[in-house]
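Start at 1 and go down the list; that is how both ligands and their atoms are numbered. What you are looking at is a predicted structure, and each value in this text was computed from that prediction instead of being measured. One-based numbering along the sequence shown.
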Amino acid sequence: MTHHLDGNALAGPLRELFAVDLTTATTTCAGCAHTTAVATLHVYGQAPGLVARCPGCEEVVLRVVRGPDAAWLDLRGTVSLRVPLTD
Ligand SMILES: [Zn+2]
């Protein structure tokens, strides 16, 4: 059996990631591998929440839905998200 940590091990790294402005992060599209700043994605607000599409191929890169007491972040269209960090 493979030894693994539980999700609590992600608390520190994720707290740091989500405390920054993600619009400066660099995203790589799962559809066409186009790499661009989140701020340059094509965002549509007609759906429930916001849908951000790749400027290269128009596939959905990420979705954000904000409810009254929770938020959903769907990143299935993103291969990776590179978040610049400053100290
Ligand atoms: Zn793309």
Side-chain angles (χ1 to χ4, degrees):
M1 180 184 277
T2 305
H3 176 73
H4 62 84
L5 302 171
D6 70 20
N8 289 308
L10 297 170
L14 289 180
R15 183 183 309 117
E16 184 177 25
L17 287 179
F18 287 100
V20 299
D21 178 5
L22 285 179
T23 59
T24 64
T26 302
T27 180
T28 301
C29 173
C32 72
H34 182 74
T35 298
T36 190
V38 169
T40 67
L41 296 174
H42 298 170
V43 177
Y44 301 87
Q46 297 91 338
L50 299 173
V51 175
R53 291 181 175 272
C54 173
C57 71
E58 288 296 323
E59 284 296 315
V60 175
V61 173
L62 67 86
R63 280 182 267 246
V64 181
V65 176
R66 179 69 165 89
D69 58 1
W72 289 262
L73 178 60
D74 178 347
L75 288 170
R76 80 183 86 173
T78 303
V79 172
S80 66
L81 200 56
R82 180 183 182 277
V83 181
L85 301 174
T86 56
D87 276 316

Next on the checklist: Please report the interatomic distance CG(Leu50) to CZ(Arg66), rounded to the nearest 0.5 Å.
Outcome noted: 12.0 Å
Checklist entry - Listing residue and atom name, which protein N/O/S atoms are closer to the Zn ion (ligand 1) than 2.8 Å? => result Cys29 SG, Cys32 SG, Cys54 SG, Cys57 SG
Item to check | Candidate pair Arg63 and Trp72, rule side chain to side chain contact (heavy atoms under 4.5 Å, CB included), full reasoning | outcome: CA-CA 8 Å; Arg63 280 182 267 246; Trp72 289 262; over 6 Å; no
Next on the checklist: Would you compute the distance between atom CD of Glu59 and atom SG of Cys32 and round it to the nearest 0.5 angstrom?
Outcome noted: 8.5 Å
Next on the checklist: Applying side-chain contact (heavy atoms from CB on, under 4.5 Å), can you list everything that pairs with Leu75, at least two apart in sequence or on another chain?
Outcome noted: Leu62, Leu73, Thr78
Checklist entry - Can you list the residues that meet the side chain to side chain donor-acceptor pair (under 3.5 Å) rule with Thr24, with sequence neighbours excluded? => result none
Item to check | side chain to side chain donor-acceptor pair (under 3.5 Å) partners of residues 7-17, not counting sequence neighbours, each pair once | outcome: Asp6-Asn8
